[in-house]
Amino acid sequence: MSSVIEAKVIRSKNTVALARWLLGKKLVAVDPAGVRHSSRICETEAYHGEEDLACHASRARTARTEVMYAEGGVWYVYLCYGIHEMLNLVTGPREQPSAILIRGVEGISGPGRLTRSFGIDRRFNGLPATPGTGLWLEDDGFRLPSGLVRATPRIGVDYAGPVWAAKPWRFHYRPAGIGAR
DNA sequence: TACTCGATCGGA
DNA sequence: CCGATCGAGTAA
């Protein structure tokens, strides 16, 4: 029994806490061919506010980052390295730019491979995370044992300087039975 | 208009 | 380790 994760739930949580909470929830997409994809989110990263030097919004409020200033519950999708579409969920209240990068789901490792596999690209940018748009989140009742969750620094954000690059805002989990890490 | 570089990935 | 590949951001 799965229920759609509504925008009001997304808005009710702090961005970092939400990134952690999203682990184990399902990402569901209907690709351009009409094929439905669904898998459990196993890796996320929080990007929180203009003061977070790893967050795109810390640079400038521009056409690209504008979507992060929206109220939580819409997608922020951008092209990275000219090749990879990066999927983010915008979080927080209006005028407070923050988002969560969906870095991985079970069976697929890496944010660029995830979007390619699910058929996700920039056409979802700015659209709400609802079944109507073809890209949404579900809670199927699965509860991840908290002992499996790991928090580490975010990947590929050395440009943000030592303080912000060190924030343990990347969350992921490892299946039980695989060594401590 | 001319640069530079990136929240990555796969292959050498 | 390096090249792919292209748009955003900045400087001019």
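Chain A is the first sequence line, chain B the second, and so forth, proteins listed ahead of strands; every chain is numbered from 1. Any value given below was found using the heavy atoms of this structure, including those in side chains, with hydrogens, waters and symmetry copies removed.
By the side-chain contact (heavy atoms from CB on, under 4.5 Å) test, A:A70 pairs with A:V74, sequence neighbours left out. When the side-chain contact (heavy atoms from CB on, under 4.5 Å) test is applied to A:P93, the partners found at least two apart in sequence or on another chain are A:Q96.
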> In dot-bracket, 5' to 3', how would DNA chain B read with Watson-Crick or G-U wobble pairs under 3.5 Å, [ ] for crossing ones and | for pairs to another strand?
Replying inline: ||||||.||||.
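Remark: ring of A:Y47 overlaps the six-membered base ring of B:dA7 in a stacked fashion, centroids less than 5.5 Å apart, planes less than 30° apart.
Think of the region where chain A sits on DNA chain C: with heavy atoms and a 4.0 Å cut, that region ends 5' and 3' at C:dA4 to C:dG9.
C:dC2 and B:dC5 are spaced 16 Å apart, taking the C1' atom of each and rounding to whole Å.
Using a 4.0 Å cutoff on non-hydrogen atoms, the parts of residues 80-88 of chain A near DNA chain C are A:Y81, A:G82, A:I83, ordered by number.
Using a 4.0 Å heavy-atom cutoff across all strands shown, A:R64 reaches sugar-phosphate atoms only and no base atom. Residue-level contact check: A:R122 touches the backbone only, with heavy atoms under 4.0 Å from sugar-phosphate atoms and none from bases. Residue-level contact check: A:A160 touches neither bases nor backbone, having no heavy atom under 4.0 Å from any strand.
The pair A:R11-A:E71 counts as a salt bridge, with a side-chain nitrogen and a carboxylate oxygen less than 4.0 angstrom apart.
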Please tabulate the protein-to-nucleotide N/O contacts below 3.5 Å involving nucleotides 10-12 of chain B, giving atom names and distances.
from   : atom 1 : to     : atom 2 : distance (Å)
B:dG10 : OP1    : A:R113 : NE     : 3.3

